[in-house]
Structures are given as structure tokens and as C-alpha cells.
Amino acid sequence: MRRPGKTYREGENIEACNLPKPRVEDYARRVADLFGFKVGGDITEIVVMLGGTIHYRELDELVGENGSIFVHGALDFDILLPMYTSPNRDRFTIAHELGHYFLHAGQGKVPVVAYRSGSTRIEWEANWFAASLLMPLDKFGDALQEYEGDVEQVAFKFGVSVEAATVRKNAIGNR
């Protein structure tokens, strides 16, 4: 998905935004408000509104590709997803890649290629953004109470995997 002649920041060359987690959560909330995104909503609508395209690939097509989002410019990016993952997993991945778009590409001002794996600061920030966009702290806490801590029901409500809901529950603790 690289564009010929385009130079991208990637790997260690992508600058972290270095915002504290609560500020990333607030940013994700403001993005949700701006785009009218509601709990359990269609995350692909945000991608479309931003001029992005989602491409589903077979495993062998992904092997040679070393990125999961390619930000080419403002309102111009591609997200690559494997064809073999669940819709709930894809929702989190899309939200994560949008985190890179907003936090690390400056909404397209900086062309970037973010990789599929790694445990760097930029990946943490994108995960914080995704969790906050899909599972806003206040609404997630309310749902945990409503469903008496039943993570499966909470995950269903937010349209995320049980694993993502469990991580979010553990991350927020007793807030």
C-alpha cells in the first residue's frame, strides 16, 4: 500500500505523542463526539468520513506487507486487515489504527506506516485511544455495574472481543 515516491516515517521514526493516558482518553472521546460515534457503532463510518479505505487481505498477502496503516496524507490512508479475524477484533484494530492516524500522523500531516506488532510507546498510545473510543471509561464502568461484572455481556454491548473488554476492565480497576 505504499505509494511510489512517498517517504514515510515508520518504526522508531514515528514520534510518540507522549500524552498521558487520561489525555489520550479525552482525545478519543472528542473524536467520538465529533463524528457522532456511539457505543457499539460502526467504526468503519469514521474511516470513510476521513477518506480512508479498509482492505481485507489473505494471510499470504500480509506476509510481505510490513504495515497495518499507511497514512499518505490528510484524508488519505489505507488500513490493512486480515480476512481471518472476527468482526469484533477488526473493530478494535480499526480503532487502534485510527489512533495512529490522530496521534502519530497528525491527521495525515505526517505520512506514517505503523506496523502490526510491537510493544512501543506509540503502540500503547494507539491501544489507549482504541479502548477509549470503543469503550469510553464512564459508559464502560456503568455497563460493568449494569451487568454485574459479566465481561461477556459488556463485550457484546460494546462490540469488542471478550479479551479487549477484560483488558479494559483490568486497566480501569476500581475507578
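Along the sequence shown, the residues carry numbers beginning at 1.
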Legend entry - V47 and I94: CA distance, side-chain angles, deciding distance, side chain to side chain contact (heavy atoms under 4.5 Å, CB included) verdict: CA-CA 8 Å; V47 174; I94 292 166; 3.6 Å; yes
Legend entry - D26: salt bridge (charged side-chain N to carboxylate O under 4.0 Å, His left out) partners, not counting sequence neighbours: R29, R30
Legend entry - Close side-chain approach of C17 to E125, heavy-atom, < 4.5 Å: yes
List the atom pairs, donor and acceptor, that lie under 3.5 Å between side-chain atoms in residues 129-139 and the rest of the protein, sequence neighbours left out.
{"from": "S132", "atom 1": "OG", "to": "W128", "atom 2": "O", "distance (Å)": "2.8"}

Legend entry - Polar contact flag, side-chain donor to acceptor under 3.5 angstrom, E15-H104: no
Inset, instruction - Please examine the side chains of L81 and I54, heavy atoms only from C-beta on, and report whether any two atoms are closer than 4.5 Å. - result: yes
Inset, instruction - Working to the nearest 0.5 Å, report the span between CG of N127 and NZ of K21. - result: 9.5 Å
Legend entry - 4.5 Å side-chain heavy-atom contact, F35 and L50: yes
Legend entry - F77 and F70 aromatic centres sub-6.0 Å: no
Legend entry - Residue pair L144 / I172, side-chain heavy-atom distance below 4.5 Å: yes
Inset, instruction - Could you tell me which non-hydrogen atom of P82 sits nearest to which non-hydrogen atom of D90, and how far apart they are? - result: O-OD1, 4.4 Å
Legend entry - Under 3.5 Å side-chain donor-acceptor pair for Q107 and Y101: no
Legend entry - Spacing of CE belonging to M49 relative to CG belonging to L75, to within rounding of 0.5 Å: 12.0 Å
Legend entry - Donor-acceptor contact below 3.5 Å, side chain S68 vs main chain A114: yes
Legend entry - Nearest atoms (heavy-atom pairs only) where R121 meets A16: CG-CB, 3.5 Å
Inset, instruction - Could you walk me through whether I79 and H55 pass side chain to side chain contact (heavy atoms under 4.5 Å, CB included), step by step? - result: CA-CA 6 Å; I79 295 175; H55 305 270; over 6 Å; no
Inset, instruction - Look at E25 together with R168 and state whether they make a salt bridge at an N to O cut-off of under 4.0 Å. - result: yes
Inset, instruction - Start with the C-alpha distance between D76 and R3, add both sets of side-chain angles, then the distance that settles salt bridge (charged side-chain N to carboxylate O under 4.0 Å, His left out), and finish with yes or no. - result: CA-CA 11 Å; D76 184 14; R3 301 268 172 85; 2.8 Å; yes
Inset, instruction - Might you point out which heavy atoms bring A143 and F158 nearest each other, and give the distance in Å? - result: CB-CE1, 3.5 Å
Legend entry - Side-chain heavy-atom pair I43, L98 within 4.5 angstrom cut-off: yes
Inset, instruction - Working to the nearest 0.5 Å, report the span between CD of E152 and OG1 of T166. - result: 8.5 Å
Legend entry - Sub-4.5 Å side-chain heavy-atom contact between Y115 and I14: no
Inset, instruction - Linking directly or through intermediates, with side-chain heavy atoms under 4.5 Å: list the remaining ILVMFWY members grouped with V162, chain and number order. - result: V151
Inset, instruction - Taking ring-ring contact (aromatic ring centres under 6.0 Å, His included) as the test, write out the residues that go with H96, two or more places apart. - result: H100
Legend entry - Trace of the salt bridge (charged side-chain N to carboxylate O under 4.0 Å, His left out) decision for E146 with K157: CA-CA 11 Å; E146 177 185 347; K157 177 181 178 115; 3.8 Å; yes
Legend entry - Residue list, ring-ring contact (aromatic ring centres under 6.0 Å, His included) with Y8, at least two apart or on another chain: H72
Inset, instruction - Go through S86 and N88 one step at a time and tell me if the side-chain hydrogen bond (donor to acceptor under 3.5 Å, both in side chains) criterion holds. - result: CA-CA 5 Å; S86 73; N88 287 343; 5.5 Å; no
Legend entry - L19 reachable from W124 in the ILVMFWY side-chain graph, under 4.5 Å edges: yes
Inset, instruction - Over all heavy atoms of both residues, which pair between T85 and R89 is shortest? Give the atoms and the distance, please. - result: CB-CG, 4.1 Å
Inset, instruction - State which residues pass side-chain hydrogen bond (donor to acceptor under 3.5 Å, both in side chains) with N18; sequence neighbours excluded, sorted by chain then number. - result: none
